[in-house]
Amino acid sequence: MKRRIIFHIDVNSAYLSWEAAYRLQQGESLDIRTIPAVIGGDPQTRHGIVLAKSIPTKKYDIKTGETLYSALSKCPNLLIVRPNYLLFRQCSEALRDVLKEYSPTIQQFSIDEYFLDYTAMENLFGEPLQAAHTIKERVKKELGFTVNIGISTNKLLAKISSDFQKPDKVHTLFPEEIPTKMWPLPVEDLFLVGSATTRKLHARNIHTIGELAGTDPLYLRSFLKSHGLLIWNYAHGRENSPVRPGAIPIKGIGNSTTTSFDVEDLHEAHLVLLSLVETMCTRLRHKGYLAQLVAVSFRTNEFLNYSHQRKLSFSTDSTNEIWEIACQLLDELWQGQPLRHLGVRVGELCQNDFIQPAFFVRDRVKERKIDRAIDEIRERFGAQAIIRSSYLHSGLKPIAGGVITEEEYPMMTSIL
DNA sequence: TCTGGGGTCCTAGGACCC
DNA sequence: TCTGGGGTCCTAGGACCC
């Protein structure tokens with residue numbers, strides 16, 4: 001079989017680049033990529049963190065994932081911009097539209113990463129390196145942000161090489177280049193080697209990807225289980241999953257929040273849950289799913305995590321019903337520790353293609369109508385247009401979590 | 001470093017059935 | 001009455017990703 005050619009396209013400092021491109025396009029003269037600037041933070045949450053940073057933040061030693069408080073202490077005149085997820089989605093889609101011109105087989109891996117199968121496309125757009133440069137320059141010129149492109153024969157190697165040197169670069173990591181380009185890298189640069197695995201490998205004196213590749217896979221399996229065999233194969237560059245075009249169906253939907261104060265009161269905890277369930281269920285209904293599993297989780301002020309879930313004998317997308325179950329689960333789990341983080345999640349999703357009212361134990365038909373009416377009002381007039389009266393004097397936010405605010409953003413018409 | 005929010009997958013143990 | 005072992009489902013927790 002002819003060897004495949006896979007591209008991995010990765011937007012450099014995506015959130016910051018996109019915000020910068022947007023501001024320039026709106027007529028601002030300052031490019032926030034050229035000053036110390038970060039994207040991140042939500043005034044409502046207790047500790048916002050750095051989601052993306054400009055290159056000039058490097059000399060202040062600001063790291064992604066660091067708290068804004070810490071970043072500000074290192075650089076007092078740091079510009080902090082809240083993430084604008086609607087903009088990010090638009091930019092991601094604009095990138096996808098460019099990539100689609102170079103291959104019908106592209107896969108979105110995250111909001112700022114795509115795989116593209118370039119196999120057999122040489123006749124149309126030239127050698128892989130040439131095509132990658134064409135794509136990179138087009139994105140820069142037409143969309144206003146830079147990308148890194150990694151080229152190899154599978155997704156794993158393409159992804160690792162897109163990470164080599166940034167920004168605005170094209171790299172290759174073909175199998176024959178593995179010993180020189182990949183094996184000297186620290187083992188934590190390998191995909192799916194996170195902090196826990198790194199710790200275990202370091203404890204056994206395995207520090208580079210090359211050393212991992214040279215380790216007996218059965219020994220790796222003895223302390224990493226099947227994950228050990230997986231990363232051993234990765235260390236040899238072996239991976240052969242296809243670039244899957246089209247949307248991958250989601251398995252679950254969740255919503256969680258770090259509270260701005262310790263929650264110690266049951267009624268308060270229930271209200272926080274409701275605010276999370278409200279947005280989660282709106283998303284659930286918007287996607288046309290019913291859920292058969294409800295889970296709650298929390299984190300105590302001592303940073304201990306707990307979770308509790310229940311499989312239902314029926315499927316539902318009702319805000320009230322899921323809230324009631326979530327409250328039951330919380331009550332069963334919680335022993336009164338002060339809470340600083342609460343989450344709710346639904347899973348076991350099925351498509352809401354047919355409704356069978358006869359199966360409904362309670363008056364779900366009416367509840368569905370109410371839920372949908374509320375969704376519609378919020379869609380037309382904003383999330384705060386209709387809120388539960390229980391929030392009026394509670395001091396809590398009635399709608400919590402990662403809602404994409406459907407505010408009117410001036411379209412980036414000229415570049416998107 | 002004192003740690004956000006959205007996900008996915010794996011593992012281990014217990015319950016239950018045959 | 002006690003017993004084996006396999007399969008499946010369920011739950012909690014951990015690890016990983018961006």
Side-chain angles (χ1 to χ4, degrees), chain A residues 8 10-15 38-52 61-71 73-74 82-83 85 88-89 92 108-115 155-156 159-160 162-163 188-201 221 223-231 234 241 248-260 276 279-280 283-284 287 292-313 329 332-333 340-349 400-404:
Chain A
H8 179 252
D10 191 335
V11 179
N12 302 128
S13 312
Y15 290 176
V38 298
I39 305 293
D42 179 343
Q44 274 84 21
T45 60
R46 180 149 28 186
H47 298 295
I49 60 158
V50 174
L51 296 168
D61 197 34
I62 291 170
K63 302 258 195 294
T64 303
E66 182 172 3
T67 58
L68 293 178
Y69 179 83
S70 162
S73 70
K74 291 174 181 175
R82 292 185 60 182
Y85 293 102
F88 300 161
R89 203 169 61 195
S92 181
Q108 180 159 23
F109 188 66
S110 72
I111 194 162
D112 68 332
E113 290 178 56
Y114 287 90
F115 289 105
K155 295 195 322 196
L156 173 78
K159 180 164 168 57
I160 290 175
S162 71
D163 212 33
E188 57 267 33
D189 282 9
L190 195 59
F191 184 62
L192 289 185
V193 176
S195 61
T197 306
T198 300
R199 206 179 333 109
K200 291 176 190 169
L201 291 172
R221 192 175 65 176
F223 62 94
L224 293 172
K225 306 293 159 85
S226 65
H227 192 60
L229 297 183
L230 182 75
I231 62 173
Y234 281 4
S241 65
I248 293 160
I250 52 163
K251 304 274 172 66
I253 298 176
N255 197 357
S256 64
T257 188
T258 300
T259 51
S260 51
L276 294 167
T279 59
M280 181 183 72
R283 279 193 281 153
L284 185 66
K287 290 177 184 290
Q292 215 191 328
L293 181 80
V294 181
V296 297
S297 60
F298 60 69
R299 182 184 298 156
T300 68
N301 62 351
E302 292 177 312
F303 257 84
L304 297 170
N305 296 309
Y306 297 83
S307 67
H308 191 34
Q309 66 182 56
R310 179 167 297 140
K311 181 155 191 196
L312 313 177
S313 57
L329 289 166
E332 288 164 14
L333 182 66
R340 63 162 54 182
H341 183 97
L342 276 156
V344 60
R345 163 159 290 278
V346 288
E348 306 270 298
L349 305 182
V403 201
I404 293 177

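FYI, side chains are in, hydrogens and waters are out, and symmetry mates aren't considered; it's all heavy atoms of this structure. All values reported here derive from a predicted model rather than from experimental measurement.
Base-pair partner of C:dC18: B:dG5 (Watson-Crick or G-U wobble, both distances under 3.5 Å).
Listed pair A:T257 / B:dG4 fails the phosphate criterion, with no side-chain N or O lying under 4.0 Å from OP1 or OP2. Using a 4.0 Å cut-off, no side-chain N or O of A:N255 falls inside it from OP1 or OP2 of B:dG5. Contact annotation: A:S256 side-chain N/O to B:dG6 OP1/OP2 distance is under 4.0 Å. Between A:S226 and B:dT11 there is a side-chain N or O to OP1 or OP2 distance below 4.0 Å. Contact between the side-chain N/O atoms of A:H308 and the OP1/OP2 oxygens of C:dA12 is found at a separation under 4.0 Å.
Remark: P of C:dC10 and CD of A:E332 are 17 Å apart, rounded to the nearest angstrom. In this structure, CD1 of A:I248 is placed 17 Å from P of C:dC17, rounded to the nearest angstrom. If you take CZ of A:R340 and P of B:dC2, they are 13 Å apart, rounded to a whole angstrom. Look at CZ on A:F298: it is 17 Å from P on B:dG4, rounded to the nearest Å. Rounded to whole Å, the distance from CG on A:L229 to P on B:dT11 is 10 Å. Rounding to whole angstrom units, CD of residue A:Q108 and C1' of B:dT8 are separated by 16 Å. Between A:E188 atom CD and C:dA15 atom P the separation is 17 Å, expressed in whole Å. Straight-line distance from the CZ atom of A:F109 to the P atom of B:dG7: 16 Å, rounded to whole Å.
In this structure, A:T197 reaches the sugar-phosphate backbone alone: every heavy-atom distance under 4.0 Å involves primed, P, OP1 or OP2 atoms, never a base. Residue-level contact check: A:R199 touches neither bases nor backbone, having no heavy atom under 4.0 Å from any strand. Using a 4.0 Å heavy-atom cutoff across all strands shown, A:K159 reaches sugar-phosphate atoms only and no base atom. Here A:G252 lies in heavy-atom contact (under 4.0 Å) with sugar-phosphate atoms only. Residue-level contact check: A:D112 touches the backbone only, with heavy atoms under 4.0 Å from sugar-phosphate atoms and none from bases.
Within 6.0 Å of CD on A:E302 lie no more than 12 heavy atoms contributed by other residues, nucleotides or ligands. No more than 12 heavy-atom neighbours from other residues, nucleotides or ligands sit within 6.0 angstrom of CZ on A:R221.
In this structure, the nucleotide among B:dG7, C:dT11, C:dC16 sitting nearest to the side chain of A:L192 is C:dC16. With B:dG4, C:dT11, B:dA12 as the candidates, the nucleotide lying closest to the side chain of A:T258 is B:dG4. Comparing C:dA12, C:dC16, C:dC17 by their closest approach to the side chain of A:F191 singles out C:dC17. Checked against B:dG5, C:dA12, B:dG7, the side chain of A:I253 finds its nearest nucleotide in B:dG7. Checking B:dG7, B:dT11, C:dC16 against the side-chain heavy atoms of A:R283 singles out B:dG7 as nearest. Here C:dA12 is the nucleotide among B:dT11, C:dC16, C:dA12 with the atom lying nearest to any side-chain atom of A:S307. Of the candidate nucleotides C:dC18, B:dT11, B:dG4, C:dC18 has the atom nearest to the side chain of A:E113. Distances from the side chain of A:A196 to the nucleotides C:dT11, B:dG5, C:dA15 place C:dA15 closest. Closest to the side chain of A:H227, out of C:dC16, C:dC18, B:dC10, is C:dC16. For A:K225, the side-chain atoms get nearest to B:dA12 when compared with the rest of C:dA15, B:dG6, B:dA12.
Nearest-nucleotide assignment on DNA chain B puts the 5′-proximal partner with A:E66, out of A:E66 and A:R345. Residue-to-nucleotide proximity on DNA chain B shows that, of A:K251 and A:L51, the 5′-proximal contact is made by A:L51.
On the C1' atoms, B:dC16 is 15 Å away from C:dG4, given to the nearest whole Å.
Contact of the A:H341 side chain with the A:F303 side chain is not registered, since no non-hydrogen atoms from C-beta on lie closer than 4.5 Å. Counting only heavy atoms from C-beta outward, the side chains of A:D10 and A:E113 approach each other to under 4.5 Å.
Taking the six-membered ring where tryptophan is involved, the planes of A:Y306 and A:F298 are tilted, since the angle between them lies from 30° to 60°. Aromatic ring pairs are classed by plane angle as parallel below 30°, tilted from 30° to 60° and perpendicular above 60°; the pair A:Y15 and A:F88 is parallel.
For the pair A:S73 (side chain) and A:S70 (backbone), a donor-acceptor distance under 3.5 Å is present.
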